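Take a look at the structure set out below.
It should be emphasised that the depicted structure is a prediction, and the values quoted were computed from it without experimental measurement.
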Amino acid sequence: MSRARTDPTVELVARAIYEAEKHGSSWDNGPATSKERSREYARNAIRLLNDDIGVLLFALNEAAAEHSLRGSGAVN
(Lines give C-alpha, C1' and ligand atoms only; values in the text may rest on other atoms or scores of the structure.)
Protein backbone atom coordinates (compact mmCIF):
# COMPACT_ATOMS: atom_id res chain seq x y z
CA MET A 1 0.00 0.00 0.00
CA SER A 2 1.43 3.38 -1.05
CA ARG A 3 1.30 6.23 1.45
CA ALA A 4 0.35 9.73 0.45
CA ARG A 5 3.05 12.38 0.75
CA THR A 6 4.12 12.45 4.39
CA ASP A 7 4.94 15.60 6.32
CA PRO A 8 8.70 15.53 7.00
CA THR A 9 8.20 17.07 10.46
CA VAL A 10 5.79 14.28 11.39
CA GLU A 11 8.28 11.70 10.15
CA LEU A 12 11.14 13.19 12.19
CA VAL A 13 9.08 13.37 15.37
CA ALA A 14 7.64 9.88 14.75
CA ARG A 15 11.15 8.43 14.36
CA ALA A 16 12.22 10.10 17.61
CA ILE A 17 9.18 8.70 19.43
CA TYR A 18 9.76 5.25 17.94
CA GLU A 19 13.41 5.26 18.99
CA ALA A 20 12.56 6.55 22.49
CA GLU A 21 10.22 3.59 22.95
CA LYS A 22 13.22 1.24 22.53
CA HIS A 23 11.74 -1.03 19.86
CA GLY A 24 13.74 -4.12 19.02
CA SER A 25 14.17 -3.04 15.42
CA SER A 26 15.20 0.13 13.64
CA TRP A 27 12.63 2.50 12.15
CA ASP A 28 13.48 1.28 8.64
CA ASN A 29 12.88 -2.36 9.61
CA GLY A 30 10.09 -1.77 12.12
CA PRO A 31 6.53 -3.03 11.71
CA ALA A 32 4.16 -0.73 9.84
CA THR A 33 1.70 -0.72 12.74
CA SER A 34 4.33 0.57 15.18
CA LYS A 35 5.47 3.23 12.74
CA GLU A 36 1.91 4.40 12.09
CA ARG A 37 1.23 4.56 15.83
CA SER A 38 4.38 6.68 16.22
CA ARG A 39 3.16 8.97 13.41
CA GLU A 40 -0.18 9.37 15.18
CA TYR A 41 1.62 10.28 18.43
CA ALA A 42 3.79 12.71 16.47
CA ARG A 43 0.81 14.42 14.80
CA ASN A 44 -0.88 14.79 18.20
CA ALA A 45 2.26 16.17 19.85
CA ILE A 46 2.81 18.67 17.03
CA ARG A 47 -0.83 19.76 17.12
CA LEU A 48 -0.70 20.27 20.90
CA LEU A 49 2.59 22.12 20.67
CA ASN A 50 1.26 24.36 17.90
CA ASP A 51 -1.80 25.18 20.02
CA ASP A 52 0.40 26.10 22.99
CA ILE A 53 2.71 28.19 20.83
CA GLY A 54 -0.27 30.03 19.35
CA VAL A 55 -1.61 30.87 22.81
CA LEU A 56 1.84 31.93 23.98
CA LEU A 57 2.41 34.16 20.93
CA PHE A 58 -1.02 35.76 21.37
CA ALA A 59 -0.29 36.52 25.04
CA LEU A 60 3.15 37.91 24.19
CA ASN A 61 1.68 40.14 21.48
CA GLU A 62 -0.99 41.40 23.90
CA ALA A 63 1.64 42.17 26.54
CA ALA A 64 3.86 43.95 24.00
CA ALA A 65 0.91 46.06 22.82
CA GLU A 66 0.04 47.02 26.41
CA HIS A 67 3.67 47.89 27.11
CA SER A 68 3.83 49.98 23.96
CA LEU A 69 0.65 51.88 24.90
CA ARG A 70 1.97 52.61 28.40
CA GLY A 71 5.28 53.80 26.99
CA SER A 72 3.60 56.19 24.54
CA GLY A 73 1.38 57.75 27.22
CA ALA A 74 -1.76 56.66 25.33
CA VAL A 75 -3.22 54.85 28.33
CA ASN A 76 -5.67 57.01 30.29
Determine, step by step, whether R43 and E36 satisfy the salt bridge (Lys or Arg N to Asp or Glu O under 4.0 Å) criterion, reporting the C-alpha distance in whole Å, the side-chain angles of both residues, the deciding distance to 0.1 Å, and the verdict.
CA-CA 10 Å; R43 285 188 288 273; E36 191 52 42; 3.0 Å; yes
For E40 and N44: C-alpha separation, side-chain torsions, deciding distance, then whether side-chain contact (heavy atoms from CB on, under 4.5 Å) applies.
CA-CA 6 Å; E40 182 178 342; N44 289 336; 4.0 Å; yes
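Grouped with Y41 in one hydrophobic cluster are V10, V13, I17, I46, the linkage being side-chain heavy-atom contacts under 4.5 Å among Ile, Leu, Val, Met, Phe, Trp and Tyr residues. Through side-chain heavy atoms spaced under 4.5 Å, either directly or across other Ile, Leu, Val, Met, Phe, Trp or Tyr residues, W27 is tied to Y18.
Residues forming a side-chain hydrogen bond (donor to acceptor under 3.5 Å, both in side chains) with E21 (at least two apart in sequence, or on another chain): H23. Looking at residues two or more places apart in sequence or on another chain, you find a side chain to side chain contact (heavy atoms under 4.5 Å, CB included) between S26 and D28, N29.
Under the 3.5 Å distance criterion, with hydrogens and angles disregarded, no donor-acceptor pair is assigned to the side chains of N50 and R47.
Under the ring-ring contact (aromatic ring centres under 6.0 Å, His included) criterion, no residue pair touches residues 43-63, with sequence neighbours excluded.
When all heavy atoms of A42 and A14 are compared, the pair lying nearest together is CB-N, 3.6 Å.
S38 places a side-chain N or O within 3.5 Å of a backbone atom of S34 that can act as its donor or acceptor partner.
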